[in-house]
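Here the structure is laid out as structure tokens; the discussion comes afterwards.
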Amino acid sequence: MRLSESARGVLASQIAFARVLSSRCLSRLKVHRDFDRQIDGSTGDWACWLWKGRRDARGYGLARVWHQGGGVAANAHRVAYYKATGFWHWGRSGYVIRHLCHNPACCNPNHLLVGTRGENAWDDYMRQMGVDLVAVRRELERGPFLPVAGVAA
């Protein structure tokens, strides 16, 4: 089995699990009305959409959300993922929003996926092995539905 075929199966399972998590998320956040203007999405649906606003020292976009009346600093890619899926987590829940493109300034929901730190390390390993996970996800999203054992559709 080729490495990209193995990555396809693993990523299909992770995408299905991310959809289950997002469907169970109950957080309701207010996002600044200018948030979308801070993202350059002119490059196409499957290219990186770069954050044009402030960034931290590691290159991650900085945004602000409001929850229960107070403003909270947040990474822009987390806010973009929330807007696309409804998934938000607070504190040390064990979940991270992964960049399949490995570009910390990217806010394209097609490049983002919820997962664990271990899955994030797997993404890095796949990149080192030459597997383009964005291309794998694009292929999965265009292809037929892939049933995943143990996950209801």
Side-chain angles (χ1 to χ4, degrees), residues 1-31 35-36 38-53 55-56 58-63 65 67 72 74-153:
M1 178 186 300
R2 290 186 6 240
L3 189 59
S4 61
E5 290 171 359
S6 174
R8 186 175 194 264
V10 171
L11 196 58
S13 296
Q14 292 172 355
I15 290 169
F17 182 68
R19 287 184 179 139
V20 170
L21 277 180
S22 295
S23 71
R24 295 180 181 165
C25 190
L26 300 176
S27 290
R28 296 292 172 249
L29 305 175
K30 284 179 63 180
V31 178
F35 179 82
D36 292 335
Q38 294 294 322
I39 299 171
D40 180 4
S42 65
T43 53
D45 290 344
W46 288 97
C48 285
W49 296 355
L50 299 182
W51 179 253
K52 298 185 292 187
R55 296 184 193 175
D56 69 12
R58 297 174 300 156
Y60 290 92
L62 298 173
V65 295
H67 178 67
V72 179
N75 289 115
H77 71 284
R78 289 183 62 204
V79 179
Y81 191 78
Y82 168 76
K83 287 188 69 170
T85 68
F87 179 81
W88 187 264
H89 64 93
W90 292 103
R92 301 187 184 274
S93 67
Y95 294 111
V96 296
I97 304 302
R98 303 150 46 196
H99 281 98
L100 299 180
C101 60
H102 305 287
N103 182 346
C106 181
C107 292
N108 185 341
N110 289 323
H111 293 193
L112 305 173
L113 189 61
V114 66
T116 64
R117 292 190 188 284
E119 289 166 337
N120 204 27
W122 178 83
D123 295 346
D124 192 48
Y125 174 74
M126 288 291 108
R127 180 183 57 82
Q128 291 173 16
M129 299 303 293
V131 176
D132 180 353
L133 291 177
V134 172
V136 172
R137 181 173 189 171
R138 183 177 184 178
E139 178 186 324
L140 287 169
E141 298 289 343
R142 288 184 173 182
F145 173 74
L146 297 171
V148 178
V151 178

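When a residue number appears, it is its place in the shown sequence, counting from 1.
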*Partners of V134 by side-chain contact (heavy atoms from CB on, under 4.5 Å), sequence neighbours excluded?*
W46, L100, C101, H111, D132
*asked:* Among residues at least two apart in sequence or on other chains, which ones pass side-chain contact (heavy atoms from CB on, under 4.5 Å) with A76?
replied: F35, W51, A63, C107
_Under the rule for side chain to side chain donor-acceptor pair (under 3.5 Å), what residues qualify as partners of R127, not counting sequence neighbours?_
D124
_Restricting to non-hydrogen atoms, name the atom on A12 and the atom on L140 that form the minimum distance, rounded to 0.1 Å._
N-CD1, 3.7 Å
*Who are the side-chain contact (heavy atoms from CB on, under 4.5 Å) partners of V10, not counting sequence neighbours?*
Q14, W122
*Without swapping roles, check the side chain of D40 against the backbone of K52 for a donor-acceptor pair under 3.5 Å.*
no
*Just wondering, do Y81 and H77 contact through their side chains at under 4.5 Å, heavy atoms?*
no
*With sequence neighbours excluded, tell me which residues meet side-chain contact (heavy atoms from CB on, under 4.5 Å) with D36.*
K83
_Minimum heavy-atom distance W49-P109, with the two atoms named_ = CZ3-CD, 3.6 Å
*Taking only residues two or more places apart in sequence, or in another chain, which ones meet D123 in a side chain to side chain donor-acceptor pair (under 3.5 Å)?*
R98
*Main-chain N/O of T116 paired with E119 side-chain donor or acceptor, under 3.5 Å*: yes
*State, to 0.1 Å, how close T43 and C48 come at their nearest heavy-atom pair, and which atoms those are.*
OG1-O, 2.9 Å
*asked:* To the nearest 0.5 Å, what is the distance between CG on L113 and CZ on F87?
replied: 10.5 Å
*Measure from the side-chain N and O atoms of D56 to the backbone N and O of L62, and report whether any donor-acceptor pair falls under 3.5 Å.*
no
*asked:* Using modelled atom types and a 3.5 Å cut-off, is there a donor and acceptor pairing between side-chain atoms of H99 and backbone atoms of C106?
replied: yes
*Of all heavy-atom pairs between V79 and A74, which one has the smallest distance, and what is that distance?*
CG2-CB, 3.9 Å
*Spatial distance of atom CH2 (W88) from atom CD1 (I97) [nearest 0.5 Å]*: 8.5 Å
*Would you check, one step at a time, whether the test side-chain contact (heavy atoms from CB on, under 4.5 Å) holds for N110 with R138?*
CA-CA 8 Å; N110 289 323; R138 183 177 184 178; over 6 Å; no
*asked:* Does any part of the side chain of L50, heavy atoms only, come nearer than 4.5 Å to the side chain of N103, both counted from C-beta?
replied: yes
*asked:* Restricting to non-hydrogen atoms, name the atom on A47 and the atom on N108 that form the minimum distance, rounded to 0.1 Å.
replied: O-ND2, 2.7 Å
